[in-house]
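These notes are about the structure you will find just below.
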Amino acid sequence: MKKGKKKRKTIKNAMVTILFLALGTCAILFAFLYFFTSGDRNLSGEWTAEIDVTQQAAVTALDWLQDIEAVSISLEDMESYMENLTIQLNMTLEQTSRSEGTFHCHISPESYEACKQAAYQAFAQAFRELLGERLRMAGYEGDVEPEEIENLAATAFGMSTESYLMSYGPVLLPSLENMQAQYEGSGTYETAEGVLFRQFDAGGAKEATEEYYIRKGANLALLGETDPAASGGHFFSPYPMVYTLKEYESGKQPGKQ
């Protein structure tokens, strides 16, 4: 009799333990779904991304600099001069229902101009150093430090090396107008099973795009278009493109003041 009661008590305790564990697991699961899944579905906010144009600028500059006879420079060398050349892209999303909303994308003109300036400063630095090397190889016995080369170039060109390259050298970056045509626009969007479908208004950059995306906290990554042929014709692929929520950039949490 005592053994039966003890057995039933043991079974009861085990069932209670299992119930608590199950409830605890459910609570953790619901918390995960609430804080990560549900929250990640809401894309509303101001997002920023950086368009990297380093390689395009480096390739263009390299092609021009290779015309300096007998001076050798590699693409890796050129990229080391022009590191982190990026242009800021802003995207505002406003969710109007569970899986739909509106969007607006625009290039920052200030960021574009700053990137262009940095590209030509790096270009001028590489030009001065290579020109100094070429003069040395030709038997020039004067000072070939960058400052002196700049003075020689300024005398020959009637302007600074940087100004000369901007005026008569190659175009290192796509024009602001071309970038605006590629990236800017407004319209509506829908999300479904990891795909962001954007329908541009008339006059937008494109009629429509379908892009794979992942949202995790402050980061929104566009991994590529569902139709790879849709983004053809550009020198470089814009993907993957990682956006950061501005509220996180300023140290604030979404929904908090």
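None of the values given here were measured: they were computed from a predicted structure.
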Can you pull the ring pair (Phe, Tyr, Trp, His ring centres under 6.0 Å) pairs that have at least one residue in residues 78-97, sequence neighbours excluded? none

Counting N and O atoms only, with roles assigned by atom type, does the side chain of S111 sit under 3.5 Å from a partner on the main chain of Q88, one being a donor and the other an acceptor? yes

Would S74 and D77 count as a side-chain hydrogen bond (donor to acceptor under 3.5 Å, both in side chains) here? Give the steps. CA-CA 5 Å; S74 68; D77 294 333; 3.0 Å; yes

Anything under 3.5 Å between a donor and an acceptor, one on a side chain of residues 150-161, the other on a protein residue two or more places apart or in another chain? List them.
| from | atom 1 | to | atom 2 | distance (Å) |
| --- | --- | --- | --- | --- |
| E150 | OE1 | R128 | NH1 | 2.9 |
| E150 | OE1 | T161 | OG1 | 2.7 |
| E150 | OE2 | T161 | N | 3.1 |
| N151 | ND2 | E147 | O | 3.4 |
| T155 | OG1 | N151 | O | 2.9 |
| S160 | OG | S163 | N | 3.1 |
| S160 | OG | S163 | OG | 2.9 |

Using a 4.5 Å cut-off on heavy atoms from C-beta on, say whether the side chain of V242 contacts that of L220. no

What's the separation between atom CD in E46 and atom CG in L245, rounded to the nearest 0.5 Å? 9.0 Å

Does the side chain of E162 reach to within under 4.5 Å of the side chain of Q121, using non-hydrogen atoms? yes

Step-by-step side chain to side chain contact (heavy atoms under 4.5 Å, CB included) determination, V171 to T60: CA-CA 8 Å; V171 177; T60 305; 6.0 Å; no

Rounded to the nearest 0.5 Å, how far does CD1 of I51 lie from CD1 of I87? 6.0 Å

Does E211 form a side chain to side chain contact (heavy atoms under 4.5 Å, CB included) with T226? I'd like the steps, not just the answer. CA-CA 6 Å; E211 302 158 298; T226 58; over 6 Å; no

For residues Y243 and L222, report the shortest heavy-atom separation together with the two atoms involved. CE1-CD1, 3.7 Å

So, taking the atom named CH2 in W47 and the one named NZ in K246, what distance separates them when rounded to the nearest 0.5 Å? 12.5 Å

In the hydrophobic cluster built from side-chain contacts under 4.5 Å, what are the other members alongside F197? none

M241 and Y213, any side-chain heavy atoms less than 4.5 Å apart: no

Okay, side chain of R136, backbone of A138: is any donor-acceptor separation there less than 3.5 Å? no

Connected hydrophobic set around I214, excluding itself, where side chains approach under 4.5 Å: V195, Y212, L223

Measure the spacing between CG of D143 and CG of L135 and express it to the nearest 0.5 Å. 11.0 Å

Report yes if the side chains of N178 and Q182 come closer than 4.5 Å at any heavy-atom pair, otherwise no. no

To the nearest 0.5 Å, atom CD of Q180 lies from atom CG of L89 at 11.0 Å

ILVMFWY network linking Y168 to F123, side-chain heavy atoms under 4.5 angstrom: yes

Y120 and P170 have their tightest heavy-atom pair at OH-O, 2.7 Å

Any chance you could lay out the side chain to side chain contact (heavy atoms under 4.5 Å, CB included) test for E190 and S99, step after step, and finish with the verdict? CA-CA 6 Å; E190 297 178 21; S99 59; 5.7 Å; no

Could you check if a side-chain atom of R198 sits within less than 4.5 angstrom of a side-chain atom of E210, using non-hydrogen atoms only? no

Taking CD in E94 as the centre, count heavy atoms belonging to other residues, nucleotides or ligands within less than 6.0 Å. Is the count above 12? no

Those residues at least two apart in sequence (or on a different chain) that pass side chain to side chain contact (heavy atoms under 4.5 Å, CB included) with Q95 are N42, L43, S44, Y189

Side chain to side chain donor-acceptor pair (under 3.5 Å) against E50, all qualifying residues, sequence neighbours excluded: T86

Could you tell me whether the side chain of Q125 reaches within less than 4.5 Å of the side chain of M82, counting heavy atoms only? no

Find out whether L165 and F127 are in side-chain contact, i.e. whether some heavy atom of one side chain is under 4.5 Å from a heavy atom of the other. yes

Does the ring centre of F200 sit less than 6.0 Å away from the ring centre of F103? yes

If you round to the nearest 0.5 Å, how far is CG of N90 from CD of E184? 9.5 Å

Q55 versus D52, closest heavy-atom pair with distance: N-OD1, 4.5 Å

Side chain T54, main chain L85, donor-acceptor under 3.5 Å: yes

I want to check something: taking the side chain as every heavy atom from C-beta on, are L173 and C115 in contact at a cut-off of under 4.5 Å? yes

Under the side chain to side chain contact (heavy atoms under 4.5 Å, CB included) rule, what do T188 and E100 come out as? Steps first, then yes or no, please. CA-CA 7 Å; T188 58; E100 298 178 352; over 6 Å; no

